[in-house]
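Working notes for the structure below.
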2 protein chains.
Amino acid sequence: MSRTPDFDRDEIIGKAMEVFWNKGYENTSMRDLMDATGLLKGSLYNTFGSKEKLFMLCLEKYSVYSRGLFYKKGDPKEYLVKFFKRLVDEGVKKDFTKGCLIMNSCLEFMGKNALGEKASDMFAATELNLANVAKAIAEENSSLEVDKVKTNLISAAFSIREISKFRKDRKFLKQIANNALRDFDLMI
Amino acid sequence: MSRTPDFDRDEIIGKAMEVFWNKGYENTSMRDLMDATGLLKGSLYNTFGSKEKLFMLCLEKYSVYSRGLFYKKGDPKEYLVKFFKRLVDEGVKKDFTKGCLIMNSCLEFMGKNALGEKASDMFAATELNLANVAKAIAEENSSLEVDKVKTNLISAAFSIREISKFRKDRKFLKQIANNALRDFDLMI
DNA sequence: CCCTTTCTTGACCTATCGGTCAAATAGCAC
DNA sequence: GTGCTATTTGACCGATAGGTCAAGAAAGGG
């Protein structure tokens, strides 16, 4: 019938996502996207329409990736400890300065456009995940105020992700995590 | 002897600081600075040399402003409560999306150039201020681990400043503050 | 093998970026 | 008022931004 694309669409979105995640939307140029994907400008526009539409697809891909890390079943306390250990371990890596694409996008777009709305929804989903973990723990320990501790958890996660962009201090980042975890008698 | 400038240098830096604070360094154009200061491009370059040098002067001005809010004497607990009340009250304002210039600059520049180093120093000074408050409270309540609670305070301040850019939720922001304040048996 | 359709290529577009500079202007000392 | 000097002005610079598009290339159905 006609010529078929020379690339895998989803693979391109993944590569673009990495660039956007590392550099942010505004600071990523079409040149950067061309270099990262191996596609020329015309192909990118022919396939995705615009930089903004491509970014939206990247956000959606990140959303899927992110949901894959959500709590589903098993020991909720163990989940929580692993969750924060991962944040700290990634955070202290010298070349890890990209943080979390959801939080980055909330900061970059909120109140500006549809990307901000999408990012906000994803932030809310992350929050709900932590609320679900807190709820699961509360079933064994009824004295927990789920809404309060959920806020402490998301705030700590946010702090670690953002501060670790510029402060590679394991003790410092661990302390932030432990401050939220103490409600559950947990530590990392 | 010769012609004198038509403007007050410090006033111009103040106006430029507001723009940088609101929009960030990269997202601020010379056009923005010209509009905000009322000076033409040539005058800005003639006076400050470059956009980067002007930003450095803005950082220094912010540093002075910031140090003016540090704890010096008086009731340290009262200081802490006022400190966080201010963060929350400013944070919930609909048009307050600029956060803190120090934190913004740490996130924008760290590891890139001299602006990042300057911002890092200013962040450390803010941290020291909170450590001093914690120390003053610890003199009355010796069971406090100053370094730990200092980390909780700076982390909470960071979270409130950043999250409030995109989440105008007083209950949420207050909870973040209270999570750090509970070490001192304080609440807002 | 050919024709249709789609994808690919890269030159080109306008707008804007930070920055420069020669000419015009205006303070101040005398 | 005159002359020196610094400031002001805005046109101009090359680089780069996101985006467009006509022409060339290639895949698939017949």
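Each chain gets a letter, A, B and so on, in the order the sequences are listed, and its residues count up from 1.
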Taking any heavy-atom pair under 4.0 Å as a contact, classify B:Phe7: base, sugar-phosphate, or nothing.
sugar-phosphate

Measure from [atom1] on [X] to [atom2] on [N] and round the result to the nearest Å.
X	N	atom1	atom2	answer
B:Phe48	C:dG18	CZ	C1'	16 Å
A:Leu33	D:dG19	CG	P	10 Å
B:Leu40	C:dG19	CG	C1'	14 Å
A:Leu44	D:dC21	CG	C1'	16 Å
B:Asn46	C:dA23	CG	C1'	14 Å
A:Leu39	D:dG18	CG	P	16 Å
B:Met34	D:dT7	CE	P	18 Å

Would you call the rings of B:Phe55 and B:Phe20 parallel, tilted or perpendicular if under 30° counts as parallel and over 60° as perpendicular?
perpendicular

Using ring centroids (six-membered ring only for Trp), state whether A:Tyr79 and A:Phe70 fall under 6.0 Å.
no

Under a 4.5 Å cut-off applied to non-hydrogen side-chain atoms, are A:Leu173 and A:Arg170 in contact?
no

Based on the rotation axes of five pairs at each end, what angle does the helix from C:dC1-D:dG30 to C:dC30-D:dG1 bend through, to 10°?
10°

Non-neighbouring partners of B:Asp95 that pass side-chain hydrogen bond (donor to acceptor under 3.5 Å, both in side chains), sequence neighbours left out:
none

Comparing nearest nucleotides in DNA chain D, the 5'-proximal residue of the pair A:Ser43, B:Thr4 is B:Thr4

Polar side chain donor-acceptor pair, A:Asn113 to A:Lys118, under 3.5 angstrom:
no

Side-chain polar contacts of residues 31-42 of chain A - donor-acceptor pairs under 3.5 angstrom, sequence neighbours left out - could you list them?
{"residue": "A:Arg31", "atom": "NH2", "partner": "A:Asp35", "partner atom": "OD1", "Å": "3.4"}
{"residue": "A:Asp32", "atom": "OD2", "partner": "A:Lys23", "partner atom": "NZ", "Å": "3.2"}
{"residue": "A:Asp32", "atom": "OD2", "partner": "A:Ser29", "partner atom": "N", "Å": "3.0"}
{"residue": "A:Asp32", "atom": "OD2", "partner": "A:Ser29", "partner atom": "OG", "Å": "3.2"}
{"residue": "A:Thr37", "atom": "OG1", "partner": "A:Leu33", "partner atom": "O", "Å": "2.7"}
{"residue": "A:Thr37", "atom": "OG1", "partner": "A:Leu39", "partner atom": "N", "Å": "3.1"}

When every nucleotide of nucleotides 11-17 of chain C is labelled 5' to 3' by its protein contacts under 4.0 Å (heavy atoms), B for base, S for sugar-phosphate only, - for none, what sequence of letters results?
------S

Report all interatomic pairs (protein N or O, nucleotide N or O of nucleotides 23-26 of chain D) with separations under 3.5 Å.
{"residue": "D:dA25", "atom": "N3", "partner": "A:Arg3", "partner atom": "NH1", "Å": "3.3"}
{"residue": "D:dA26", "atom": "O4'", "partner": "A:Arg3", "partner atom": "NH1", "Å": "3.4"}

B:Arg161: which residues meet the salt bridge (charged side-chain N to carboxylate O under 4.0 Å, His left out) condition with it, sequence neighbours left out?
B:Glu90

For D:dT20 and A:Tyr45 - does any side-chain N or O of the residue sit under 4.0 Å from the phosphate oxygens OP1/OP2?
no

